[in-house]
Amino acid sequence: MGMTAFPEWTQSQKLVAKLADQLGGTLNESSARAIVQLKVPTPSAARRRQLAAKANEGSLGPEEFAEYETYAQMRGLLSILQSKARQYLKRSR
């Protein structure tokens, strides 16, 4: 699922990665276990497919773009944090 790289989206992704790095440095065993269990509230599978198709066609409206971008950023942030939490737990064993 490709998305045109908008400069503001790329900048936002950099900020998300930086935030995840900072948060990753504050982990303890309890917080790491809690982060591994987190789930991002997601739109339905049908809605995700609809947004992805519109994104690929370049036909997302402003509200749909915001929904799509927010979901992608949340998913990206959680993915990085969960990776850091798993690494922390692996090292602490």
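When reading the values below, keep in mind they use all heavy atoms of this one structure, side chains included, and skip hydrogens, waters and symmetry mates.
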Distance-minimising heavy-atom pair for [X] and [Y]:
X	Y	value
N28	S30	OD1-N, 3.0 Å
A32	A85	O-CB, 3.5 Å
V36	Q82	O-NE2, 3.2 Å

Could you state whether [X] and [Y] fall into the same hydrophobic cluster, counting links through intermediate Ile, Leu, Val, Met, Phe, Trp or Tyr residues with side-chain heavy atoms under 4.5 angstrom apart?
X	Y	value
L19	L38	yes
V40	I35	yes
M74	L23	yes

With rounding to the nearest 0.5 angstrom, report the [atom1] to [atom2] distance, [X] to [Y].
X	Y	atom1	atom2	answer
T42	R47	OG1	CZ	12.5 Å
K39	R75	NZ	CZ	14.0 Å
L51	R49	CG	CZ	11.5 Å
R33	Y88	CZ	OH	10.0 Å
K84	S79	NZ	OG	11.0 Å

Is the CD atom of Q22 crowded by more than 12 outside heavy atoms at less than 6.0 Å? yes
Is a donor on one side and an acceptor on the other found under 3.5 Å between the side chain of E64 and the backbone of G61? yes
Backbone N or O of A66 within a donor-acceptor pair of the T70 side chain at under 3.5 Å? yes
Under 4.5 Å between any side-chain heavy atoms of [X] and [Y], yes or no?
X	Y	result
Y71	R48	yes
Q73	E69	yes
L81	L77	yes

